[in-house]
A.B. asks: 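Before anything else, here's the structure in question.
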Amino acid sequence: MLTLPLLLVAFFCLAAARPQAATIAPPQSTSTAKLNTLAQSIGKLYFGSATDNPDLTNTSYVAIFDDNTTFGQTTPTNSMKWDATEPEQGVFTFEAGDVIANLANSNGQLLRGHNCVWHEQLPDWFTAARLWVTTQAKYSWDVVNEPLNDNGTFGSDVFFDTLGVSYIGIALNAARAADPNAKLYINDFNIEGPGVKATAMMDLVTSLQSQGIPIDGVGFQCHFIVGEVPEGFQQNLEAFTALGIEVAITELDVRMTLPATDELLEQQKQDYQIVISACAAVPKCVGVTLWDFTDKFSWVPGTFAGQGAACPWDENFIRKPAFDGIALGFGA
Ligand code: G3I
């Protein structure tokens, strides 16, 4: 008769011998493209990725981020915002922003300042309109972030409610005075396809130009949902550049409802390709910035419950099919 210990041994032997269900790996990138080198080879200034200071403690992350053949530009996601740089009135803390500015400099990467005037992430002490611009050298600044409602009207915030639309010109003039060589941008979302908000943004640009207010570009954030890149994106970019300004894709990601299936990852690859090829086809679309490159540090899951997998690298820094979509979009 089998004793209990023998029974247990037999059970574990049988369990070990049982064929295991094969774990099917998700589809991965096969491209060996150097994305920034590729972007520059077709006349773009850069392909880049946003980054945040806590990301930089991860050595696997930094090894990818620091390679300027992959990323030739960066935008700090949070550390140059007002609540980070003037947490108490009159007390300025530029250290975290400087870490990213210095890293970009040592990596040979262009820097996009982000952002000067935005209704979010204002410090607690802030109660009245007051404008602030750093003097750090950089390629470009998102001087005004998200000024419009989706219906094309100006958003109600402390700036607009105090100064009316004049706050935008005041901010742009202040930015030009503080950083004469930087390209000055207005940055927004839901202006990627033609429609009332895009038209309102073009009207704003035209109005600023007619007043002699410096405006060099419009940033298209491009926080997209899988399968929903708006129709007419490229034509819209062309309509903006016809105003005599440049455009940039400033915060690209393509989110999905989890779990990420092979089909969703394939659609995401196509979406990235559509976005990149639109910028590639428009001479004055100067470059593309991912809103961070890895799902490990994406803002999406914290904001949209049940959604994520929005970036071209997964949470383990494995390149997804979306990477190949980017390379294809740049003509690889
Ligand atoms: O720094 C604090 C930390 O001290 C605290 O413990 C923690 C607790 O929640 O919060 C931390 O602050 C968070 C900050 O990110 C830094 O991680 C804020 O709560 C959080 O709201 C903030 O989110 C940022 C968001 O802007 C603010 O609305 C995202 O990281 C950032 O990716 C996102 O970026 C924006 C662009 O600036 C403009 N366009 C849209 C885009 C996505 O919302």
Side-chain angles (χ1 to χ4, degrees), residues 48-58 61 65 71 73-88 91 93-101 111-126 132-134 138 140-150 155 157-159 168 171 175 184-192 197-198 201 217-225 228 230 247-256 275 287-313 315:
S49 173
T51 193
D52 206 357
N53 297 68
D55 306 2
L56 300 173
T57 59
N58 184 304
Y61 176 94
F65 178 82
F71 299 122
Q73 178 273 349
T74 192
T75 307
T77 45
N78 286 304
S79 53
M80 289 186 184
K81 289 172 177 172
W82 205 329
D83 63 347
T85 54
E86 195 179 0
E88 290 172 48
V91 179
T93 57
F94 297 121
E95 286 79 6
D98 280 347
V99 166
I100 293 176
L111 184 66
R112 180 179 199 90
H114 177 86
N115 51 53
C116 300
V117 178
W118 189 27
H119 58 271
E120 278 191 39
Q121 287 185 291
L122 290 170
D124 292 338
W125 59 263
F126 187 94
W132 168 88
V133 175
T134 76
K138 56 203 63 70
S140 58
W141 256 113
D142 291 324
V143 179
V144 178
N145 198 42
E146 302 171 10
L148 297 175
N149 295 317
D150 280 352
D157 58 24
V158 64
F159 308 106
I168 295 176
L184 306 181
Y185 272 66
I186 301 175
N187 187 48
D188 215 328
F189 61 92
N190 287 349
I191 57 168
E192 292 86 358
K197 191 171 185 182
M201 183 62 84
V218 168
F220 291 72
Q221 293 186 4
C222 297
H223 293 294
F224 289 135
I225 297 169
E228 297 184 21
V247 295
I249 294 173
T250 52
E251 304 186 11
L252 176 61
D253 50 26
V254 183
R255 63 184 183 267
M256 62 183 71
V275 176
V288 178
T289 306
L290 303 173
W291 206 237
D292 226 323
F293 66 86
T294 161
D295 295 332
K296 189 176 185 64
F297 299 129
S298 170
W299 69 291
V300 169
T303 302
F304 301 100
Q307 297 186 45
C311 302
W313 277 254
E315 63 280 1

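In what follows, every heavy atom counts, from backbone to side chain, and hydrogens, waters and symmetry copies are set aside. If you're wondering where the values come from, they're calculated on a predicted model, not measured in any experiment. Ligands are counted one by one from 1 in listed order, and the atoms in each one are counted from 1 as well. Note that the numbering runs from 1 along the sequence shown for the chain.
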A.B. asks: Would you check whether Glu146 has a nitrogen or oxygen atom less than 3.5 angstrom from a nitrogen or oxygen atom of ligand 1?
C.D. replies: yes
A.B. asks: Which of these passes ring-ring contact (aromatic ring centres under 6.0 Å, His included) with Tyr61: Phe71, Trp313, Phe293?
C.D. replies: Phe293
A.B. asks: Looking only at distance, does Trp291 have an N or O less than 3.5 Å from an N or O of ligand 1?
C.D. replies: yes
A.B. asks: Among all protein non-hydrogen atoms, which one is nearest to atom 18 (C) of ligand 1, and what is the separation to 0.1 Å?
C.D. replies: Gln121 NE2, 4.7 Å
A.B. asks: Strictly less than 4.0 Å: does any protein heavy-atom distance to atom 20 (C) of ligand 1 fall in that range?
C.D. replies: no
A.B. asks: State yes or no: are the ring centers of Trp291 and Phe297 separated by less than 6.0 Å?
C.D. replies: no
A.B. asks: Relative to the heavy atoms of His223, which atoms of ligand 1 are at a distance of less than 4.0 Å?
C.D. replies: 40 (C), 41 (C)
A.B. asks: Nearest protein heavy atom to atom 33 (C) of ligand 1, by residue and atom, and its distance?
C.D. replies: Lys81 NZ, 3.8 Å
A.B. asks: Parallel, tilted or perpendicular: which one describes the rings of Phe304 and Trp299, with boundaries at 30° and 60°?
C.D. replies: perpendicular
A.B. asks: Could any protein non-hydrogen atom be found less than 4.0 Å from atom 11 (C) of ligand 1?
C.D. replies: no
A.B. asks: Closest non-hydrogen protein atom to atom 14 (C) of ligand 1, residue and atom name please, with distance?
C.D. replies: Asn78 ND2, 3.9 Å
A.B. asks: Are any of the N/O atoms in Asp52 less than 3.5 Å from those in ligand 1?
C.D. replies: no
A.B. asks: Which bit of Asn145 is near ligand 1, meaning a heavy atom under 4.0 Å away: side chain, backbone, both or neither?
C.D. replies: side chain
A.B. asks: Applying the side chain to side chain donor-acceptor pair (under 3.5 Å) test to Thr289, which of Glu251, Gln73, Arg112, Gln221 qualifies?
C.D. replies: Gln73
A.B. asks: Show the numbers, then the answer: is there a side-chain contact (heavy atoms from CB on, under 4.5 Å) between Ile100 and Ser79?
C.D. replies: CA-CA 8 Å; Ile100 293 176; Ser79 53; 3.5 Å; yes
A.B. asks: Please check atom 4 (O) of ligand 1 for a protein heavy-atom neighbour under 4.0 Å.
C.D. replies: no
A.B. asks: Indicate whether the side chain of Asn115 and that of Glu146 have a donor and an acceptor atom separated by less than 3.5 Å.
C.D. replies: no
A.B. asks: Please indicate, with yes or no, if any protein heavy atom is found under 4.0 Å from atom 16 (C) of ligand 1?
C.D. replies: yes
A.B. asks: Report yes if Glu251 has an N/O atom closer than 3.5 Å to an N/O atom of ligand 1; otherwise report no.
C.D. replies: yes
A.B. asks: Kindly confirm or rule out an N or O of Trp118 lying under 3.5 angstrom from an N or O of ligand 1.
C.D. replies: no
A.B. asks: Which distance, rounded to the nearest 0.5 Å, do you find between the OG1 of Thr294 and the CG of Asn58?
C.D. replies: 8.0 Å
A.B. asks: How far does CG of Asp98 sit from OG1 of Thr85, to the nearest 0.5 angstrom?
C.D. replies: 11.0 Å
A.B. asks: Is there a protein heavy atom at a distance of less than 4.0 Å from atom 42 (C) of ligand 1?
C.D. replies: yes
A.B. asks: Quick one: look up the protein heavy atom nearest atom 28 (O) of ligand 1 and list residue, atom name and how far away it is.
C.D. replies: Glu120 OE1, 2.4 Å
A.B. asks: With side-chain contact (heavy atoms from CB on, under 4.5 Å) as the criterion, how do Asp142 and Cys116 come out once you've worked through the C-alpha distance, each side chain's angles and the decisive distance to 0.1 Å?
C.D. replies: CA-CA 7 Å; Asp142 291 324; Cys116 300; over 6 Å; no
A.B. asks: Name the closest protein heavy atom to atom 36 (C) of ligand 1, giving the residue it belongs to and the distance to 0.1 Å.
C.D. replies: His114 NE2, 3.4 Å
A.B. asks: Would you say His114 and Asn145 make side-chain contact, with heavy atoms under 4.5 Å?
C.D. replies: yes
A.B. asks: Flag atom 8 (C) of ligand 1 as yes if some protein heavy-atom distance to it falls below 4.0 Å, otherwise no.
C.D. replies: no
A.B. asks: Show the nearest heavy-atom pair for residues Lys197 and Asp150, with the distance to one decimal.
C.D. replies: NZ-OD1, 3.1 Å
